[in-house]
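Residue numbers start at 1 and run along the sequence shown. In what follows, every heavy atom counts, from backbone to side chain, and hydrogens, waters and symmetry copies are set aside.
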Amino acid sequence: MCVETRNEGGTASTPQSDLRAKTNEGFNTVSPPAWASGAIILMVIGSFYATFYITPLAFVEGEKSKMGGYAGAVEVMEAGGKTLYILAAIPFFLLMILMEMVISVVSNLQCVGGRYSFDDAWSSLAAGITQQMCSSLVKVPLKLGILPYSYIHYTFSVPNGLNLPVDSVGVWVGCALVVDLCYYWLHRKSHEWLFLWAGHGVHHSSEYFNLSTALRQSWLQVLAAPFFYLPMALFFPPALYFGLDQANIVYQFWVHTCLVRRLGPLEWVLMTPSHHRVHHDRRLHKNFGGFLIIWDRMFGSFVDESEGVRGLERLGDSSAPQEEVLLFGILPKVGTWTEAVTQTQLYAPVVKAVKSGAGLTGILKACYVGPGFTTAGAPRSLVPPSASAQRIRKVSPLPPAARSYVLAQFVMVVLVGFAVLISATAPYALRLFTGATVLYSLYCQGVLLDGEGRKGLHWEGARALLLSLLLLLLLLLSPASFPSSFPPPLVAALTHQHMRAAMAMLLGWHVLSMGWLLSIKGHLPPPSSEPSAAPSRKTE
């Protein structure tokens, strides 16, 4: 009997009897304790309920409702507002990530890919912040996500009586199904077409699979995704589409975990952690649904994780260590931690085609043919990784003393970034500048994590010094001292007592940061051509 296996170098057929040789000593599938899985599921149910309930009360674009849950969401939508489920869920996301870290340690989770690493978790969260800054400061102001949809709906749907009411449970269910179908095709094409994969591949670039990976998102996909949902505009009101699209994304958060294995009959219908682990295997491009797996079963893009697990069971070595049957990540190794912010690495084939003078045909092919172009709809088999595969290929060489600095700066960035997201009524220029400083800070943290000698120290030191001087200048200026080119609302915001108090605290923080940088100067590693990979089991 032959089964297909694919390693970093391509595909080959491997006799079942040779699987043990291909996987070195072999390993058993991961089996976390039932209490750990139950704890994750209970957290998910509780946080999702809380998110759905509080969103109409506090996280809306437009008039807030005095009712929570479905009734409040209907009231917001009927008034022309939008429910911001993702924004409401962010605190719960961060809390669940912290809880998963604790549970993974307490339960002694065995698999390398399901654990947490500081630099990888930082990278995932940094990418998520970058995406949210782009969405809040570019997509929303330009109405890229809703303007084309609204034009189609109010030009073609409403005049012809095709628009459906938002106060019908049946319409909500139908809209949720169509949203997920549209997401399926967006997601599948984001693996088949390179110009979309170059953005979406950022989400797959983590070689770990935990809840922090869910937040590893692309700023490009935020701009391109809305066009796949335009056919819905013929029937579903913009506010309903907007809300249920956000709810769909919130659902996808929880499927990024190795602590939940199989969920019985639900595996036939829902996208589950088991199905999504297959999706994140760097050797496969399968299982593209959002909250439903039925589309993959219908359109020939489904692979079951249990297929690979059965391969392990046939090896029959009860003494082998536990490990995932999957290899997480993408085939090309991520070159730098700043990629979480810049998100440009996967455009390399297009750049190469242009530089090599491939011509228009060659350039278009480079833009069009992505890694899942031929595999998404083709039969694929899942088997244990080959002996040549390496699970974790990039680890930051930054020592603990310097990592503590990056962690502290990151916590501050999260707080400032969340303030930007919830301050939708603040002057746009102020939000834009603050968002830019957030991204600049994340970039400097990435340079530090790269461990390139004093380069990171210089970048971060320059950032702290420049922002300290700017904050000091703003604090010294009176309302009458601002240049006349500054709009009055911006001057009023900058001179408000609460804003001045926040700027004073940030000034103190940056002065402290400069002293902290000097204290870790001697701990920074010398420049190296390539950080070593993480220590890993021989069974990889």
Of [options], the residue whose pairing with [X] passes side chain to side chain donor-acceptor pair (under 3.5 Å):
X	options	answer
Thr272	Arg277, Arg262, Arg261, Glu267	Glu267
His279	His187, Lys286, Glu305	His187
Ser205	Gln343, Arg216, Glu339, Gln345	Arg216

Open item on the list: Below 30° counts as parallel, above 60° as perpendicular, anything between as tilted: where do the rings of His276 and Phe209 land?
Closed with: tilted
Between [X] and [Y], does the ring centroid distance fall short of 6.0 Å?
X	Y	value
Phe328	Tyr208	no
His285	Phe373	no
Trp185	Phe299	yes

- [ ] Taking the side chain as every heavy atom from C-beta outward, state whether Ser65 and Val60 have any atom pair closer than 4.5 Å.
- [x] no
Task: Leu506 side chain near Met412 side chain, heavy-atom distance below 4.5 Å - done: yes
Open item on the list: Could you check whether any side-chain N or O of Thr55 sits under 3.5 Å from a backbone N or O of Phe52, counting only pairs where one atom can act as donor and the other as acceptor?
Closed with: no
Open item on the list: Determine whether a donor-acceptor pair (N or O, by modelled atom type, separation under 3.5 Å) exists between the side chain of Arg282 and the backbone of Leu331.
Closed with: no
TODO: Apply side-chain hydrogen bond (donor to acceptor under 3.5 Å, both in side chains) to the pair Thr338 and Thr336, showing each step before the final yes or no.
DONE: CA-CA 5 Å; Thr338 59; Thr336 171; 2.9 Å; yes
TODO: Go through the steps to decide whether Tyr70 and Val74 satisfy the test side chain to side chain contact (heavy atoms under 4.5 Å, CB included), and finish with yes or no.
DONE: CA-CA 6 Å; Tyr70 171 76; Val74 169; 3.6 Å; yes
Open item on the list: As a quick check of understanding, evaluate ring-ring contact (aromatic ring centres under 6.0 Å, His included) for Tyr443 and Trp459, giving each step before the final call.
Closed with: CA-CA 9 Å; Tyr443 184 84; Trp459 274 86; 5.2 Å; yes
Task: Salt bridge flag under 4.0 Å for residues Glu207 and Lys394 - done: no
- [ ] Could you tell me whether Arg115 and Asp120 make a salt bridge, using a distance below 4.0 angstrom between a side-chain N and a carboxylate O?
- [x] no
Task: Shortest non-hydrogen separation from Leu215 to Leu125 and the atoms involved - done: CD1-CD2, 3.4 Å
